[in-house]
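The block underneath contains the structure these notes are about, expressed in structure tokens.
Any value given below was found using the heavy atoms of this structure, including those in side chains, with hydrogens, waters and symmetry copies removed.
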Amino acid sequence: MPEKGAKRNSEAFLYSNAAPDAQRKKRFEDFLINKYDQEYELVWVADEKITSGFKLIVGNEVYDWTREGRVEQMKEMLRKKIEESDGSLYGSDLITLFQTSLDSWRMEALPEEEGTGIMVG
């Protein structure tokens with residue numbers, strides 16, 4: 001998570017196991033300009049827990065491109081397809097749905113909201 005006092009409006013935080021090289025850093029900066037129509041200072045944060053991929057935090061949005069994040073996105077896609085079938089898929093129909101879904105699935109850069117919860121008791 002970004003440090004307290006960080007300029008959340010102008011900084012984007014990249015969490016990964018290794019620092020991005022110049023080419024990768026440029027790709028992140030281009031993504032940020034295209035997505036948010038403004039420049040951000042890309043701040044790299046070492047995170048040894050991330051063994052594959054990265055997390056990018058921009059304001060209150062999180063792009064989770066870690067191995068775990070990609071698996072969660074795929075599971076969510078399959079869950080939605082099963083819900084759309086109204087539970088009518090069984091056996092080979094379900095396997096076919098999985099096969100065609102996985103063959104056509106592409107990871108998307110979809111932000112997840114990060115926020116602060118407030119409980120009133």
Side-chain angles (χ1 to χ4, degrees):
M1 295 302 165
E3 295 179 22
K4 286 190 175 195
K7 301 176 289 184
R8 290 183 70 101
N9 291 342
S10 61
E11 293 180 333
F13 297 88
L14 176 66
Y15 292 80
S16 65
N17 198 306
D21 60 23
Q23 182 180 11
R24 232 172 237 197
K25 184 176 181 184
K26 174 82 168 101
R27 286 175 47 200
F28 280 114
E29 291 168 342
D30 289 346
F31 167 79
L32 292 167
I33 289 170
N34 290 332
K35 179 73 176 172
Y36 297 99
D37 201 28
Q38 77 175 65
E39 289 187 12
Y40 283 85
E41 178 184 345
L42 187 64
V43 178
W44 175 66
V45 181
D47 189 339
E48 292 82 28
K49 292 182 242 160
I50 297 176
T51 58
S52 174
F54 61 88
K55 280 189 183 181
L56 179 64
I57 298 178
V58 185
N60 65 343
E61 295 182 331
V62 178
Y63 296 87
D64 188 350
W65 207 272
T66 61
R67 179 179 303 138
E68 295 81 6
R70 290 177 281 179
V71 168
E72 284 304 312
Q73 194 177 108
M74 183 174 46
K75 284 169 43 177
E76 180 65 16
M77 179 267 306
L78 288 171
R79 185 190 62 74
K80 285 179 181 176
K81 290 199 179 252
I82 290 170
E83 281 181 1
E84 290 170 3
S85 75
D86 296 327
S88 61
L89 295 174
Y90 295 99
S92 63
D93 289 337
L94 196 54
I95 292 170
T96 301
L97 171 72
F98 286 171
Q99 287 174 331
T100 57
S101 296
L102 292 175
D103 287 345
S104 64
W105 181 70
R106 298 292 174 259
M107 180 71 179
E108 296 179 63
L110 301 173
E112 298 174 9
E113 286 289 319
E114 174 192 81
T116 304
I118 299 175
M119 183 180 353
V120 177

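Looking at Trp44, Tyr15, Phe28 one by one, the single match for side-chain contact (heavy atoms from CB on, under 4.5 Å) with Phe54 turns out to be Phe28.
Between Gly53 and Ser16, the shortest heavy-atom contact is O-CB, 3.9 Å.
Partners of Lys75 under the side chain to side chain donor-acceptor pair (under 3.5 Å) rule, at least two apart in sequence or in another chain, are Glu72. Qualifying side-chain contact (heavy atoms from CB on, under 4.5 Å) partners for Thr51, counting only residues two or more places apart in sequence or in other chains: Arg67. Remark: Glu68 engages Thr66 in a side-chain contact (heavy atoms from CB on, under 4.5 Å) (not counting sequence neighbours). Annotation: side chain to side chain donor-acceptor pair (under 3.5 Å) contacts of Glu29 (sequence neighbours excluded): none. Residues satisfying the side-chain contact (heavy atoms from CB on, under 4.5 Å) test with Asp30, not counting sequence neighbours, are Lys26. The side-chain contact (heavy atoms from CB on, under 4.5 Å) check on Ala22 picks up nothing, with sequence neighbours excluded.
Ring geometry, Tyr36 versus Tyr40: the interplanar angle exceeds 60°, so the pair is classed perpendicular (tilted spans 30 to 60°). Note: Tyr63 and Phe31 have perpendicular aromatic rings, judged against thresholds of 30 and 60 degrees for the angle between ring planes.
Judged purely by atom type and a 3.5 angstrom limit, Asp64 has no side-chain atom pairing as donor or acceptor with the backbone of Lys55.
Annotation: side chain of Ile33 is in contact with side chain of Glu39 (closest heavy-atom distance under 4.5 Å).
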